[in-house]
Amino acid sequence: YNLCMTTPTHIAVNLGAFLVLMQVPGLEPTHTDLALILGANLIDLDHLLSRPIYVPTRNSFKTHLLHKPWKIVLGLCVVSLFIRPIMFQGIGVILHYFLDHLDNKRRKIV
């Protein structure tokens, strides 16, 4: 299994981003915000609909249900950055897609 962009990597990056955002004056993140940013990783549940579930050479943006419409989802996430209750969900999904994109580039998957 590819250890570069596994769930622990996604969670660690989300936690790191949350810790950085805690330092932003006036933002004052809560436990709910932490749950939202970490919960963004549930977008990977769409991998369970694929057979086989894991293929190291698969491009998730071309095969998985919640990754295919990435442009629409990314657009909604950018809009969510201006809506305080769901801001951290948007940040989490943006980070998730960014990490998936980096992983595809690293493995040279088209």
Side-chain angles (χ1 to χ4, degrees):
Y1 189 66
N2 176 14
L3 292 177
C4 181
M5 293 301 164
T6 59
T7 300
T9 303
H10 283 290
I11 291 171
V13 169
N14 288 149
L15 284 173
F18 185 80
L19 291 172
V20 168
L21 292 169
M22 286 178 65
Q23 307 307 312
V24 175
L27 192 56
E28 300 173 7
T30 65
H31 289 93
T32 303
D33 297 324
L34 177 60
L36 286 171
I37 199 168
L38 292 175
N41 291 304
L42 292 175
I43 199 166
D44 267 348
L45 288 176
D46 62 356
H47 291 239
L48 298 175
L49 301 174
S50 299
R51 296 290 178 255
I53 291 174
Y54 177 73
V55 176
T57 57
R58 182 186 294 155
N59 182 339
S60 61
F61 293 107
K62 292 184 178 179
T63 55
H64 296 122
L65 179 69
L66 298 175
H67 287 66
K68 273 186 184 179
W70 68 269
K71 291 177 185 175
I72 296 168
V73 174
L74 210 52
L76 291 171
C77 290
V78 169
V79 169
S80 78
L81 297 178
F82 301 100
I83 305 168
R84 179 59 172 96
I86 59 171
M87 174 192 303
F88 284 83
Q89 181 75 38
I91 293 168
V93 172
I94 291 168
L95 288 171
H96 185 91
Y97 279 176
F98 178 69
L99 289 174
D100 283 357
H101 174 72
L102 285 179
D103 190 45
N104 286 343
K105 290 293 183 192
R106 184 187 65 80
R107 293 186 291 139
K108 296 178 177 68
I109 295 175
V110 180

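The same ILVMFWY cluster, assembled from side-chain heavy atoms under 4.5 Å apart, contains both V13 and L15. W70 is connected to V78 through a chain of hydrophobic side-chain contacts under 4.5 Å among Ile, Leu, Val, Met, Phe, Trp and Tyr, so both are in one cluster. A single hydrophobic cluster is not seen to contain both V79 and I91; linkage of ILVMFWY side chains at heavy-atom distances under 4.5 Å, directly or through other members, places them apart. Both L81 and L38 are members of a single hydrophobic cluster when ILVMFWY side chains are connected at heavy-atom separations under 4.5 Å. Neither V93 nor V20 shares a network with the other; the hydrophobic side chains, linked directly or stepwise wherever heavy atoms of I, L, V, M, F, W or Y lie under 4.5 Å apart, form separate groups for each.
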(request) Under the side chain to side chain contact (heavy atoms under 4.5 Å, CB included) rule, what do L19 and M22 come out as? Steps first, then yes or no, please. (result) CA-CA 5 Å; L19 291 172; M22 286 178 65; 4.0 Å; yes

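One finds the CG atom of D100 at 8.5 Å from the CD1 atom of I43 (value rounded to the nearest 0.5 Å). Distance check: H96 NE2 to I11 CD1 gives 11.0 Å after rounding to the nearest 0.5 Å. Atom-to-atom distance recorded for I53:CD1 and D46:CG is 11.5 Å, nearest 0.5 angstrom. Here the straight-line distance linking atom CZ of F88 with atom CG of L36 works out to 8.5 Å at 0.5 Å rounding. Note: Q89 CD to I37 CD1 = 9.0 Å, rounded to the nearest 0.5 Å. Atom NE2 of H101 is separated from atom CG of N59 by 10.0 Å, given to the nearest 0.5 angstrom.
Using a 4.5 Å heavy-atom cutoff, the side chains of T30 and D33 are in contact. Taking 4.5 Å as the limit, some side-chain heavy atom of V73 sits within range of a side-chain heavy atom of C77.
A17 and L95 get closest at one heavy-atom pair: CB-CD1, 3.6 Å. Between A40 and G92, the shortest heavy-atom contact is CB-C, 3.3 Å. Across every non-hydrogen atom of G90 and S80, the tightest pair is CA-OG, 3.3 Å. Taking all atoms of both residues into account, the shortest heavy-atom contact from P52 to R58 is O-NH2, 2.8 Å. In plain terms, the two heavy atoms of F61 and Y97 that are nearest each other are CZ-O, 3.5 Å.
Sorted by first and then second residue, the pairs that involve residues 12-26 and meet side chain to side chain donor-acceptor pair (under 3.5 Å), not counting sequence neighbours, are N14-N41.
Residues passing the salt bridge (charged side-chain N to carboxylate O under 4.0 Å, His left out) test with R51, sequence neighbours excluded: none.
No donor-acceptor contact under 3.5 angstrom links the side chains of D44 and H64, judged on distance only.
Formation of a donor-acceptor pair under 3.5 Å by the R84 side chain with backbone atoms of L27 is found in this model.
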